[in-house]
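Input: a single structure, listed below in structure tokens.
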Number of protein chains: 2
Amino acid sequence: MGTPMYRQIADDLRAMIESEELAPGQQLQTEIELRDQYGASRNTVRDAIKWLTTLGLVETRPGQGTFVVKKLDPFVTTLTRKEGEVAEGGQSTSYLSKVGHSLTPSTSAVRVEIQPAPEHVVTRLAIDPDTEVISRHEQRHIGRTPYSLQTSFYPVEFADRGADRLRSSKNIEEGAVQYLREKLGIKQVGYRDWITVRVPNLIEADFFKVPTDGRIAMYETFRIAYDGNGNPMRLTVTVLPADRNQLIVNVGDVPDL
Amino acid sequence: MGTPMYRQIADDLRAMIESEELAPGQQLQTEIELRDQYGASRNTVRDAIKWLTTLGLVETRPGQGTFVVKKLDPFVTTLTRKEGEVAEGGQSTSYLSKVGHSLTPSTSAVRVEIQPAPEHVVTRLAIDPDTEVISRHEQRHIGRTPYSLQTSFYPVEFADRGADRLRSSKNIEEGAVQYLREKLGIKQVGYRDWITVRVPNLIEADFFKVPTDGRIAMYETFRIAYDGNGNPMRLTVTVLPADRNQLIVNVGDVPDL
DNA sequence: GCAAATTTGTTCGTATGTATT
DNA sequence: CAATACATACGAACAAATTTG
């Protein structure tokens, strides 16, 4: 009695999926049919399907059936710039710059909030615990598919010193980097990205149309931008689903994609 | 009607976990106790626990109980070099260079294989479909915890032209980049990393001691290194568990960690 | 070292609810 | 509205892993 029956059924179905005998998008037999075919109870068949579900191989749709998941062809996001362009910031300031598919990315209206800095912002921006920060949150789509959720944090002090548009929910078309340099003389000379992976929360699951259980992971990247004095000037947090996104890092001399 | 009972139980337990009322590492009540407490059947309680499991909040241990997961303090891996060091390769050739914890990383013996190039290697290295490649596979530990699985692919041609040690299972201490430059004059001038996330296979789950279901994701990074003519000279594939690793990308002028 | 007790894991049967066609 | 298919829930029994006495 080594492997339990539900695993044997799952492994059998898995082999069929991986050999493409069951093609992506194709419907599996119904639970009743599988029950008869394997001589197990319906509950056991369901355990097998649940196993395949957490493995990300199939998805169930109530009233319809169980289907082999189609792997989406991924978006590609480049985290680095060409050599030399880095220090400037230039107009390629958009956080995640290059995007495949040659579809037009669009950005929602910016939701601006002024709030006491959350704990993780305090540590990353190296500011006083009781400082306020401006957060600018936006949703991004590529074509009609949701692409990323992004929030940038700035010290309120920047707005007080004259960078008013940080408080506006209008997009800063020329890019926040250039705006801050022109307005305040604060120059971004580099940034550090922290790439992490975690499960989505309810808001993210809703926006990206992914299941609320944890079976699809999310990239969460933290970009800390630094000014010429080595001080953090901005934190940008970006969340995007890991099943349809790849991140790219170029170092040194690399041919174009 | 609204939310099913197993979700209500799960949400209740989840709130206790997130408020630290149930601390990381702490044992939950047994299924029997929870059954009595919530007036549900044991199977329903088990559904609730399973939900929390796929969310990565708890883990069950047969014969022992259900426990709140402890979040591991992560290893940190830097994908980029300091400016200027890039083109050289130098002695900082180890794929994932900087590692936190100040524990000594160790590397297993290298498993060397000569094989027809797999499909994905063909496309990434831009070689003929029927070429052979040398693959060098190694396991890495930090202290005693498994850290990464890594495989590098080189065209056999490199060994034929004199870089014999690519075929040896001995480590190339000075680094493959320097070795290839000295031996063949092939100079690495840059690389591109593709960062992806996927579920572990059985071998990886065994090595990293993670569950075989898909609830812990894996980073899989593909590093394509380029020579001075813009041709791919090496592909390195690295796999590491996403629940205990962060990746870092530095661009421009950034203070040290 | 062994046996008992405890705890989770597997499997069945059955009934009813909900979503889709 | 009816048929189909998955979702939730209960109860029961035995198996397997671990700890305790």
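Every heavy atom of this structure was used, including side-chain atoms; hydrogens, water molecules and symmetry mates were not. Proteins get letters first, then strands, A, B, ... in listed order; numbering begins at 1 in each.
- Rounding to whole angstrom units, CZ of residue A:Arg7 and C1' of D:dA16 are separated by 15 Å.
- As rounded to whole Å, 15 Å separates atom C1' of C:dT14 from atom CD of A:Glu31.
- Under a 4.0 Å N-O distance rule, the pair A:Arg198/A:Glu204 qualifies as a salt bridge.
- Pairs of residues two or more places apart, or lying in two chains, that qualify as side chain to side chain donor-acceptor pair (under 3.5 Å) and include a residue from residues 51-60 of chain A are A:Glu59-A:Arg61.
- Contact check of residues 60-68 of chain A against DNA chain C (heavy atom, cut-off under 4.0 Å) returns A:Pro62, A:Gly63, A:Gln64.
- With sequence neighbours left out, the ring pair (Phe, Tyr, Trp, His ring centres under 6.0 Å) criterion links A:His120 to no other residue.
- Taking atom CE on B:Met5 and atom P on C:dT16, their separation rounds to 16 Å, with Å as the unit.
- Residues passing the salt bridge (Lys or Arg N to Asp or Glu O under 4.0 Å) test with A:Asp213 are A:Arg215, sequence neighbours excluded.
- Under the salt bridge (Lys or Arg N to Asp or Glu O under 4.0 Å) criterion, B:Arg46 pairs with B:Glu31, not counting sequence neighbours.
- Following rounding to the nearest Å, B:Leu28 (CG) and C:dT6 (C1') show an atom-to-atom distance of 16 Å.
- Distance CD (B:Gln27) to P (C:dT7): 8 Å, rounded to an integer number of Å.
- Less than 4.0 Å separates DNA chain D from at least one heavy atom of each of the following residues of residues 33-59 of chain A: A:Arg42, A:Asn43, A:Arg46.
- Screening residues 193-217 of chain B for ring pair (Phe, Tyr, Trp, His ring centres under 6.0 Å), with sequence neighbours left out, gives B:His141-B:Phe207.
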Solution key, residues 64-71 of chain A side-chain donor-acceptor pairs under 3.5 Å, sequence neighbours excluded:
none

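- Residue B:Ile32 contributes atom CD1, which lies 12 Å from atom C1' of D:dG11 at whole-angstrom precision.
- Every residue was checked against the salt bridge (Lys or Arg N to Asp or Glu O under 4.0 Å) condition with B:Arg192, not counting sequence neighbours, and none meets it.
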